[in-house]
**Student:** 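One structure coming up, written as structure tokens, with questions to follow.
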Amino acid sequence: MIEVCLSTGENGLFEEHTKAEAVIEKLKPELKNKVIAVRINGKVFDLSTPITESCTIEPITFEDEEGKSIFWHSSSHIMALAVKRVFKDAKVTIGPPIDKGFYYDFDVERTFTPEDLKKIEEEMKKICEEDLPFERIEVPKEEAIKLFKELKEDYKVEILEEIEDDKVSLYKTGEFIDLCRGPHIPSTGMVRAVKLLSTSGAYWRGDEKNKMLQRIYGISFPNEKDLKDFLEKLEEAKSRDHRKLGKELKLFMIEEDIGAGLVIWLPKGAKIRRIIEDYWLKRHEDAGYQLIYTPHIGKSMLWETSGHLSFYKENMFPPMELENVTYYVKPMNCPFHIYVYKSEKRSYRDLPIKLAELGTVYRYEKSGVLHGLMRVRGFTQDDAHIFVREDQVKEEIANTVAFAIDVLRDFGFDNFNVYISTKPEKAIGSNEMWEIATESLIEAAKLVGLNYKIEEGEGAFYGPKIDITITDALDREWQCSTVQFDFNLPERFDLTYTDRDGKEKRPYMIHRALMGSLERFLGVLIEYYKGNFPLWLSPIQARVMTITDEQRKYAEEVVEKFKEAGIRVDSDLGGEKITYKIRLAETEKIPYMVVIGKKEALEGVINVRKKGKGVIGNMKIEDLIRMIKEEEDKKGRVSN
RNA sequence: GCUGGCGUAGCUCAGCUGGUAGAGCAGCUGACUUGUAAUCAGCAGGUCGGGGGUUCGAAUCCCUCCGCCAGCUCCA
């Protein structure tokens, strides 16, 4: 007999080789049909695993992240079985769980149509009703290769040939056998709700040079309700899509006739941008940056020296030639900033020199990657380059990261992801310098209290970097802030300063952008706030509206007073009913609605309604002005 | 760029298997003068993304280009 404990506290004595599921059924019957797999001594196993020694078993359910992964992984096997039933010649490749659901890649003669998806989904439901067990089979690798060769599953053979172990595990579900590490749910009956979401092409092993396979994405749950909730959330997410809201709120447009990926800022969006720019300017001057302006194009020699023509050419707009000189539209601002540095002889006393610019750059992005404001071909970076001495590296990086975070917090962002990318295989600069720079980035992150992830080897060849991403409505991450160390450009452009000892030394350079690009930043802001911008960013802060024509004159006086107080106000004094005007203002997401009727005009007050909250009541004009000012000062650091 | 889907009025969308376009909102005009999320009536608005083809006839079928959406790849 062996003693088995559950992590939830129960324990009991069992025969050796009792299966994990039997143990759980005995000790904690309420978990039956809920437990997906078990963890024994830190490792995850199938429920059918026999227990061979005394141990503690931790049941894993769908509530656990790991449980979801297993559940969805098993769902992808079910999908593969369904596809094999519907399309006999389909070859299977890989099918992992993902963040929300699963996919499986198939090699098929023709692509899947939406009707095919329906058929496959129906077949999956059948398979779930059949309640087929997932059987684990361990075989020698050679035997597995032989098996998959017979089954003509070339991709599986290819994967097997790269596996080093002599023994591999297979999982059999119905007539479908897949090479798989496991673990899996006990049987297909556990999946009670399944929905196939989309198809797409995907390169075998993610390599553009390989054959394109057909991928099917799906989601599944242990009950119908979870699926319903999931689909509702998807719908909800769509409603906060910045492309939809941008159109509805008239913030920006991207017009086919003008060009893909080229953004037009409409008056209201432009207003927000202007507010952001003014704020940005002030913050940068306060932080010791010097603001500059540089041209949009530069001679090819510039880009040869910078290395862009050898490392970045495929992302640059094609050259233009006039008077025998070739020019390129700038994809980055750095070379220009470097020339500003070079415009004077620099002393060690001058450093750090911080040059900032809202620089508009153009990059060729493949048509398939364009995405609203998030990925465009022309955008304005809130760019800056900091030239420092070696002994200033740490401090300046810490300052810059803290600055970035502080700015993001003003915009209301509080949970972002921070990534620190370290030295890649191909890199320039000494190990020592890489270490100092990387260490500085890590220290800076710690100093500001950030949780960060290290991305090994993901740095640029010229230096390590720290990136801060913000998540959009559909949980896709977008990089906004970046602080990048550069050992390369100072060398290429032969930057120097005269040190205390009279010798010429090479400065280090830090590229940084806080918001990244104003376009992307606006996109992220729209989704984050669902279009309900905090007051300091609202293009219109208050709208004055009248109940009848009689109040027009008084209303105009009220508007004037708001304007004098520096509040962004507009008015709706037309002949429509007040209910209509209110509805309009609500859909336009105007924070404060000022209603003026007979009573208010008579008493010289205003009636105030707050968006989404309803009527606040009557007050003096000055009271609302004060309220607005106070709210404005908090910027995004308050939830509204 | 690749795979699939899609492109009809300013916006949101309808238009069955081919028979030369329709609604709501917005716009304009007029009436209504209204108390916190849609007052009524009338008018106007479209080379059905561009080009080519099949057909007696194309928004509808085919080809091609452009753009959009999802994903892949990329993202110095």
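The sequence lines fix the lettering, A, B, ..., with proteins before strands; numbering per chain opens at 1.
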**Student:** With rounding to the closest Å, how many angstrom separate the C1' atoms on B:G27 and B:A9?
**Tutor:** 11 Å

**Student:** Considering only side-chain heavy atoms of A:E256, which listed nucleotide, B:C72, B:C66, B:G71, is closest?
**Tutor:** B:C66

**Student:** When you get a sec, tell me which of B:A70, B:A38, B:G7 is the closest nucleotide to the side chain of A:T579?
**Tutor:** B:A38

**Student:** Can you tell me if A:T199 touches the phosphate of B:A70, counting only side-chain N or O atoms and a distance under 4.0 Å to OP1 or OP2?
**Tutor:** no

**Student:** Work out how far the P atom of B:C13 is from that of B:C74, and round it to whole angstrom.
**Tutor:** 33 Å

**Student:** Quick one: is A:K247 getting a side-chain N or O under 4.0 Å of the B:U12 phosphate, OP1 or OP2?
**Tutor:** yes

**Student:** When the P atoms of B:G10 and B:G19 are considered, how many whole Å apart are they?
**Tutor:** 25 Å

**Student:** What nucleotide among B:U12, B:U39, B:U33 has an atom nearest to a side-chain atom of A:E576?
**Tutor:** B:U39

**Student:** By the 4.0 Å heavy-atom rule, please label A:H308 as base, sugar-phosphate, or nothing.
**Tutor:** base

**Student:** Using whole Å, report how far CG of A:L584 lies from C1' of B:U36.
**Tutor:** 14 Å

**Student:** Is it true that A:E586 and A:R609 make a salt bridge, defined as a side-chain N closer than 4.0 Å to a carboxylate O?
**Tutor:** yes

**Student:** Side-chain donor or acceptor of A:R375 under 3.5 Å from a matching atom on the base of B:C74?
**Tutor:** yes

**Student:** Map A:G614 and A:G261 onto RNA chain B by nearest heavy atom, then report which one ends up closer to the 5' terminus.
**Tutor:** A:G614

**Student:** Go through B:G71, B:U73, B:A38 for me and flag the one nearest to the A:E208 side chain.
**Tutor:** B:U73

**Student:** Ring centres under 6.0 Å, that's the criterion: do A:F521 and A:F379 meet it?
**Tutor:** no

**Student:** Quantified in whole Å, what is the P atom distance between nucleotide B:A41 and nucleotide B:A26?
**Tutor:** 13 Å

**Student:** Measuring only the P atom in each nucleotide, how far is B:C32 from B:U36? A whole number of Å is fine.
**Tutor:** 22 Å

**Student:** Please work out if A:G206 contacts a base, only the sugar-phosphate, or nothing of the nucleic acid, heavy-atom cut-off 4.0 Å.
**Tutor:** sugar-phosphate

**Student:** Which whole number of Å gives the distance between the C1' atom of B:G22 and that of B:A44?
**Tutor:** 16 Å

**Student:** Run the ring-centre check on A:Y104 versus A:F106 and record whether the distance is less than 6.0 Å.
**Tutor:** yes

**Student:** For residues 250-272 of chain A, run the donor-acceptor check on the side chains, cut-off 3.5 Å, and write out each pair with its distance to 0.1 Å, sequence neighbours left out.
**Tutor:**
residue	atom	partner	partner atom	Å
A:E255	OE2	A:D257	N	3.1
A:W265	NE1	A:E519	OE2	3.4
A:K268	NZ	A:E588	OE1	3.3

**Student:** Could you tell me how far apart A:L370 (CG) and B:C66 (P) are, to the nearest whole angstrom?
**Tutor:** 13 Å

**Student:** Between B:C69, B:U39, B:C66, which nucleotide gets closest to the side-chain atoms of A:K577?
**Tutor:** B:U39

**Student:** What I want to find out is whether A:D241 reaches A:R243 closely enough, with some N-O distance under 4.0 Å, to be called a salt bridge.
**Tutor:** yes

**Student:** For B:C75, does either OP1 or OP2 sit under 4.0 Å from a side-chain N or O belonging to A:R363?
**Tutor:** no

**Student:** Output the rounded distance in Å from NZ (A:K581) to P (B:A38).
**Tutor:** 15 Å

**Student:** Please name the residue in the list A:L573, A:I582, A:N607 that meets the side chain to side chain contact (heavy atoms under 4.5 Å, CB included) test with A:M545.
**Tutor:** A:I582

**Student:** Strictly below 4.0 Å: does A:R609 bring a side-chain N or O up to OP1 or OP2 of B:A37?
**Tutor:** yes

**Student:** Between A:H371 and A:W478, does the ring centre distance come in under 6.0 Å?
**Tutor:** yes

**Student:** With heavy atoms under 4.0 Å as the rule, sort A:R215 into base, sugar-phosphate or nothing.
**Tutor:** sugar-phosphate

**Student:** Could you give the CG-to-C1' distance, from A:L266 to B:C11, as a whole number of Å?
**Tutor:** 14 Å

**Student:** Nearest to the side chain of A:I578 - B:U34, B:A70, B:G67?
**Tutor:** B:U34

**Student:** Can you tell me how far P in B:U33 sits from the matching atom in B:C40, rounded to whole Å?
**Tutor:** 16 Å

**Student:** Which helical stems does RNA chain B take part in, if a stem means at least 3 consecutive Watson-Crick or G-U pairs with both distances below 3.5 Å?
**Tutor:** B:1-7 with B:66-72, B:10-13 with B:22-25, B:27-31 with B:39-43, B:49-53 with B:61-65

**Student:** For A:Q551, which contact category applies under a 4.0 Å heavy-atom criterion: base, sugar-phosphate, or nothing?
**Tutor:** nothing

**Student:** Categorize A:M332 for me: base, sugar-phosphate, or nothing, with a 4.0 angstrom heavy-atom threshold over every strand shown.
**Tutor:** base

**Student:** Given the P atoms of B:G7 and B:C75, what is the spacing between them in whole Å?
**Tutor:** 33 Å

**Student:** Nearest nucleotide by nearest heavy atom, which residue falls closer to the 5' end of RNA chain B, A:Y364 or A:K250?
**Tutor:** A:Y364

**Student:** To the side chain of A:R243, which of B:C69, B:G35, B:U33 is closest?
**Tutor:** B:C69

**Student:** What's the CD-C1' distance between A:E248 and B:C13, to the nearest Å?
**Tutor:** 14 Å

**Student:** Expressed in angstrom and rounded to an integer, what is the separation of A:M545 atom CE from B:A38 atom C1'?
**Tutor:** 14 Å

**Student:** Using a strict threshold of under 4.0 Å (side-chain N to carboxylate O), is an ion pair present between A:E396 and A:R512?
**Tutor:** no

**Student:** Salt bridge or not between A:K118 and A:E121? Use side-chain N to carboxylate O under 4.0 Å.
**Tutor:** no

**Student:** Starting at CD of A:E458 and ending at C1' of B:C74, how long is that distance when rounded to a whole Å?
**Tutor:** 13 Å

**Student:** Does A:Y217 have a side-chain nitrogen or oxygen under 4.0 Å from the phosphate oxygens OP1 or OP2 of B:C72?
**Tutor:** yes

**Student:** Would you mind reading off the distance between A:K366 atom NZ and B:G67 atom P, rounded to a whole angstrom?
**Tutor:** 15 Å

**Student:** Record whether the side chain of A:E255 comes under 3.5 Å of the base of B:G67 through a donor-acceptor pair of N or O atoms.
**Tutor:** no

**Student:** Using a strict cut-off of less than 4.0 Å between a Lys/Arg side-chain nitrogen and an Asp/Glu carboxylate oxygen, indicate whether A:R205 and A:E158 qualify as a salt bridge.
**Tutor:** yes

**Student:** Return all side-chain donor-acceptor pairs below 3.5 angstrom for residues 589-605 of chain A, not counting sequence neighbours, or 'none' if the list is empty.
**Tutor:**
residue	atom	partner	partner atom	Å
A:Y592	OH	A:K610	NZ	3.3
A:Y592	OH	A:E631	OE1	2.6
A:E600	OE1	A:G597	N	2.9

**Student:** Is there a side-chain polar atom (N or O) of A:H371 under 4.0 Å from OP1 or OP2 of B:C75?
**Tutor:** no

**Student:** For the side chain of A:N607 and the base of B:U36, is some donor closer than 3.5 Å to an acceptor across the two?
**Tutor:** yes

**Student:** A:Y580 side chain: which of B:A26, B:A70, B:C66 is closest?
**Tutor:** B:A26

